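The residues of the chain are indexed from 1 along the displayed sequence. Not measured: the values here are computed from a predicted model.
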Amino acid sequence: MRSLRVILADDHTLVRAGLRSLIEQMKDVTVVAEANDGHEVLALVSAHHPDVVLMDITMPGMNGFEAALRLKKDDPQVKIIILSMHASEEYVLQALRAGASGYLLKDAAPLELGLALQSVARGETYLSPPISRQVVDGYMQRVGQGEQPLALLTGRQREILQLIAEGSSTKEIARKLNLSVKTVETHRAQLMERLDIHDVAGLVRFAVRHGMIGTEK
């Protein structure tokens with residue numbers, strides 16, 4: 001049987017080390033690479049073509065939800081497990097909408113990691129036990145008919161929104177994304193208009209509420 005190839009993505013080195021240690025004790029599972037943020041995940045998946053990406057939500061530059069959306073577009077076969085401390089319906093729904101096959105809570109027992117990897121490898125959806133599938137299904141039915149706020153934005157606008165919420169200035173965003181200041185200003189104005197949020201504080205609150213950045217911001 002071919003070994004299950006996994007990429008770990010978390011901006012905390014100790015968290016990745018702990019996950020790697022657990023996975024190395026599993027039979028037929030191999031960590032092929034580690035990423036610190038969403039941009040690194042995209043590059044490493046393209047280079048290594050893993051079976052599963054185990055990914056945190058809150059990462060700098062590009063969060064796990066955005067990375068998942070782009071990964072599934074570029075490589076529909078890759079399985080994604082979102083690793084999170086949040087058990088809320090909205091976070092789980094965002095993960096599923098982004099294309100994740102699993103949602104694993106960070107306080108889960110070590111044994112659960114193996115179960116999650118095996119489940120998604122078989123093509124199943126894995127949710128940590130505290131998350132009720134019935135509750136998630138009900139939530140999806142309640143909001144499924146309406147367009148989600150993040151869906152109103154383009155991928156570039158979501159990327160700029162995250163950087164704004166992380167405290168980057170327009171010039172810093174332009175440098176990081178290799179764009180002109182004018183282009184960044186245009187995207188910023190458009191995303192504010194689409195979200196009907198017209199100040200940075202409001203954008204930060206929105207980003208926190210939708211899991212784009214941590215509450216420490």
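Using a cutoff of 4.0 Å between basic side-chain nitrogens and carboxylate oxygens, Glu159 and Arg156 are scored as salt-bridged. One finds a salt bridge joining Asp10 and Lys106 here, because a Lys/Arg side-chain nitrogen approaches an Asp/Glu carboxylate oxygen to under 4.0 Å. A salt bridge links Glu66 to Arg70: one of the charged nitrogens lies within less than 4.0 Å of a carboxylate oxygen.
Checked by atom type, the side-chain pair Thr186/Thr183 shows no donor-acceptor distance below 3.5 Å.
Closest of all the heavy-atom pairs between Val78 and Lys72 is O-NZ, 2.8 Å. Contact record, Leu4 with Leu117: CD2-O, 4.0 Å, taken as the closest heavy-atom pair. Residue Tyr126 comes nearest to Glu112 through the heavy atom pair OH-CG, 2.7 Å, listed as atom of the first residue, atom of the second, then distance. The minimum heavy-atom distance linking Ala165 with Ala207 is given by the pair CB-CB, 3.6 Å.
Shown are Arg20, Arg5, Arg16; of these, the side-chain contact (heavy atoms from CB on, under 4.5 Å) with Val31 is made only by Arg20.
Counting only distance, with no hydrogens or angles, the side chain of Ser119 and the backbone of Glu124 share no donor-acceptor pair below 3.5 Å. Side chain of Glu40 to main chain of Asn36: a donor-acceptor pair is present (N/O by atom type, distance under 3.5 Å, no hydrogens or angles). Side chain of Gln118 to backbone of Leu115: no donor-acceptor contact under 3.5 angstrom is found. In this structure, the side chain of Gln162 does not engage the main chain of Arg158 through any donor-acceptor pair within 3.5 Å.
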